[in-house]
Every structure is written in C-alpha cells, then in structure tokens.
Amino acid sequence: MTTIERSVKVTEAAEVIGVSVDTIRRWEKKGLVKASRDNCNCRIFSIKELVRVKNKYNGITPDREFCTLPQKKLTKYKVIELFTGAGGLALGLSRAGLRTELAVEIDKDACETLKQNKNKHKLSWKKIINDDIKNIVDFSEYKDQVDVVAGGFPCQAFSYAGLSKGFADTRGTLFFEFSRCIKDVQPKLVLGENVRGLLRHDRGKTLATMINVLDDLGYRMKYRLLRGQFHDVPQKRERLVIIGIRKDFDIPFIFPEEKDYTISIREALKDCPESDGAKYPLKKLEVLKLVPPGGYWRDLPETIKKEYMGASYYLGGGKTGMARRLSWDEPSLTLTCSPAQKQTERCHPEETRPLSIREYARIQTFPDDWEFTGSIASQYKQIGNAVPVNMGYHIGNCLITMLNSLSL
C-alpha cells in the first residue's frame, strides 16, 4: 500500500501532508473530510482524502464539473412516493431507473412544479395527485403491483400508551398515513427519509415507534444518516434514510457509500443561470457587507455585533447561522426554506445578497431547466424542503441493486 492510500491517526496524517493537527480537525468539523475509528476508538484519516482537501484549498485540484447525475435506463421496478414536494427524491429515483406509479403532494405550487416538469422532461411518472394524503381512502389497487413505497413524512410525536397499540399508536399523524399505504400495498421495500433530529426526537421514542410499527407490518428495518457533501451534493445536508425489507424476501440492506471528495460552492455555482431571489433590507445589507467569506456574526465589530444579535448575543450556543456568509471553497451549509431569515442566513460568498432561486436549485442538484412554480417564497420553500436529487439518485441505485438480488 502506498503512503497516499493509507489511513492513519491525526498526528501522523498532519506530518505526512504538511499541515497542523488543528487544520485537519477543522476540516473534519467543517465536513470536508471523513474520519473513521480504529480498534482503540481513535480517529483515523485517509491520507488520500486529506491530500485532496489540501490541494483544493491551494488551487491545485481542477474544479469538478457540476452536474445532476445522468439518466439511467429505466428498470421494471415501480415506486409510490408520498409527500413528494417539488420532486427532488422523485427525480433522483427516476434518474436511477425507477418508475413512479403514483406521487402524492398536498402543496398546490409543489404539485404544479411536478406536473410541469413531468411533461417538460417526459418523465415516467404515471399519476400525480394534489391532495391531503388522508383523503386517499384506499391504496389497495396497487397491492403487489409496486416494489417500493417511499416518503419523507413529518415526524410528529405520538401518543404511545406504552407502545402497546402498534399501528394505532400513530393514528392522526402523517406517519400513520405512510404506514397505512404500506399496509395496503405490501411493497417489497420501504424507503423513509427525514431530518437528523428524528434520531433524538422525544428521546428516540418517535423513531422507535416507527420501527416497531413497520416491524409489525412485516418489515425488517435499518437506518443510516447520509451526509450530502459525500454524495455528489455541494451541501452539508444530513438526511436520515430508513429502509425496510419485507420479511418474506431474502434481500440484503444496501446504503450509498460515501465518496472521497466534496463539491464546493465555487464548483456548484460556476456558470449558474441568473434568476430572481430574495433581497436583504438595507440595515441587514450594511451589516452583512462586513462579514468575510465563510464568516458569521462573530466577525462583526463588537458594537454592531451586539446591536444586530440583540438578546441572542447573551444566549448560549454558537448561533453560527446568524449573519452567515458562505465560503467559495466549501460545500454550502444546509439550505433552509428561506435564505434571508436571521437565524439561518445563507449569504452569497462574494456578493452581499441571499442565494438566488437557481443557485438554491443548483446546490440541491436540480437541473437548470427544472422549473419551480409559485411565488419566490414558495419556490425557496419547495427547494429548501427537497431531498437533493443526486442523493436520491444514489439511494435509487441501492434500491435497484437490492431488488435485482431477488433474481440472482
């Protein structure tokens, strides 16, 4: 094994590539490089990955060409997707080769976005319904006709009653509607996705209930936290991915493997089309002009810092989203539903303005010709809520590999 292919502890890694230990730790904290654990539970780093990050910062590594991952040949496998939003996961699964039989979305603008792009891109999405999922009384027409039921359900708390009622414990929640569809359809695989916070929501009880319910419905379950920046997404976005396999099928669990590179904002926004976007009020504009690339409220002069932060200045926590300007040389922070809110600002790395609609879409890996309908605020919300297309693509590849294993 050559030196560059080795994985070593942080001190040796720093000596090999010629940077400080603190620099490597800072890269890990920023999500630019991964660390694993050895048998002694010590962090170890890949020399190859560290060299890649060092070269990128020094301008040695050529820019990686930004792209939405290409369309693969369509397979025979079919999907129902609930809570579809503007189509990030749906498009990713489609590009991997899955066929969407049914997409359900309650938001009128998001649903119109799906319909317009289905026609424009000639997608194999059979039926799109704009309605509250609670109004779809019965999914049984799809029983044994669909291979995957997928959805990014909101995670409300449940009435547990000692976890004794199983399926009934979730009644009145959107997860109940998700599991109701699974019960009716009996797909081979289940795909759920949610925010990282679901892991600890109500001290883990919410996720435990979900797993128990799906187990009772006849599915073996596993979950994994995916980090977008290591899955061809120029964004430090984490999604909890839950996969279920029907117990009468001998299928292995497969999750996307992390790449050994990240995509920076500079690479992602190269030649990005111009578009509309939010604007800062004059007072905020003058404050954010003082923040350097990659900086935030702590980089402001003390008097301005206190005035801008108000009562938040005296509270605990880093508050790192406030007065935040993004960095050209790193993936974006997680995009939110609004790039101009005080707690979650996403200021352009160079220009003093929020990221535009098309820049938002680029960072979520939507293609440049994916059209979003509705007001500017609605478009930001649709994009900010989406699963990044490229992440959906990698998940789709895994689902197809799992389903293909049935014919081996």
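Values below: every heavy atom of this structure, side chains too, minus hydrogens, waters and symmetry copies. The first residue in the sequence is number 1, and the count goes up from there.
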Quiz item: Going by distance alone, is a donor N or O of one side chain under 3.5 Å from an acceptor N or O of the other, for Trp328 and Ser264?
Solution: no
Quiz prompt | Glu101 with Lys127: basic N within carboxylate O range, under 4.0 Å | solution = no
Quiz item: Is it true that Lys134 and Asp132 make a salt bridge, defined as a side-chain N closer than 4.0 Å to a carboxylate O?
Solution: no
Quiz item: In Å and rounded to the nearest 0.5 Å, what is the CG to CG distance from Asn117 to Asp369?
Solution: 8.0 Å
Practice problem: Output the distance between atom CD1 (Ile106) and atom CG (Leu82), rounded to the nearest 0.5 Å. | Solution: 12.5 Å
Practice problem: Flag yes if more than 12 heavy atoms outside Phe83 fall under 6.0 Å of its CZ atom; otherwise flag no. | Solution: yes
Exercise. Indicate, with yes or no, if the rings of Phe372 and Phe366 have centres closer together than 6.0 Å.
Key: yes
Exercise. Let me see the working for Arg196 and Glu238 under salt bridge (charged side-chain N to carboxylate O under 4.0 Å, His left out), right down to the final yes or no.
Key: CA-CA 6 Å; Arg196 179 193 181 112; Glu238 296 179 320; 2.9 Å; yes
Quiz item: Charged N to carboxylate O under 4.0 angstrom, Asp260 versus Arg52?
Solution: no
Quiz item: What distance do Leu288 atom CG and Trp297 atom CH2 have between them, rounded to the nearest 0.5 Å?
Solution: 14.5 Å
Practice problem: Scan side-chain atoms only and decide if Ser140 and Asp138 contain a donor-acceptor pair under the 3.5 Å cut-off. | Solution: yes
Quiz item: Are more than 12 heavy atoms from other residues, nucleotides or ligands located less than 6.0 Å from atom CG of Asn119?
Solution: yes
Exercise. Give, for atom CE of Met322 and atom OH of Tyr296, the distance between the pair rounded to the nearest 0.5 Å.
Key: 12.0 Å
Quiz item: Taking atom types as modelled, is there a side-chain donor on Gln229 or Gln235 under 3.5 Å from an acceptor on the other?
Solution: no
Exercise. Would you mind telling me which of His231, Met391, Arg95, His394 makes a side chain to side chain contact (heavy atoms under 4.5 Å, CB included) with Leu69?
Key: His394
Quiz item: So how far is it from Ser332 OG to Ile363 CD1, rounded to the nearest 0.5 Å?
Solution: 4.0 Å
Quiz item: Going by atom types alone, do Arg325 and Thr352 pair a side-chain donor with an acceptor below 3.5 Å?
Solution: yes
Practice problem: Decide yes or no on salt bridge (charged side-chain N to carboxylate O under 4.0 Å, His left out) for Glu274 and Arg358, but give the supporting numbers first. | Solution: CA-CA 7 Å; Glu274 293 186 6; Arg358 290 274 41 120; over 6 Å; no
Exercise. With rounding to the nearest 0.5 Å, note down the distance linking OH in Tyr223 to CD1 in Ile242.
Key: 8.5 Å
Practice problem: Kindly determine whether Ser46 and Ser7 satisfy side chain to side chain donor-acceptor pair (under 3.5 Å), including the steps that lead there. | Solution: CA-CA 4 Å; Ser46 161; Ser7 292; 4.7 Å; no
Quiz item: Which is it for Lys115 and Asn130 under the side chain to side chain donor-acceptor pair (under 3.5 Å) test, yes or no, and what are the steps along the way?
Solution: CA-CA 10 Å; Lys115 290 177 180 178; Asn130 177 206; 5.7 Å; no
Quiz item: Between the side chains of Tyr393 and Asp232, is a donor N or O closer than 3.5 angstrom to an acceptor N or O?
Solution: no
Exercise. Compute the centroid of each ring, for Phe178 and then for Phe153, and state whether the two points are separated by less than 6.0 Å.
Key: yes
Quiz prompt | Gln382 side chain to Ser378 side chain, donor-acceptor N/O pair below 3.5 angstrom | solution = yes
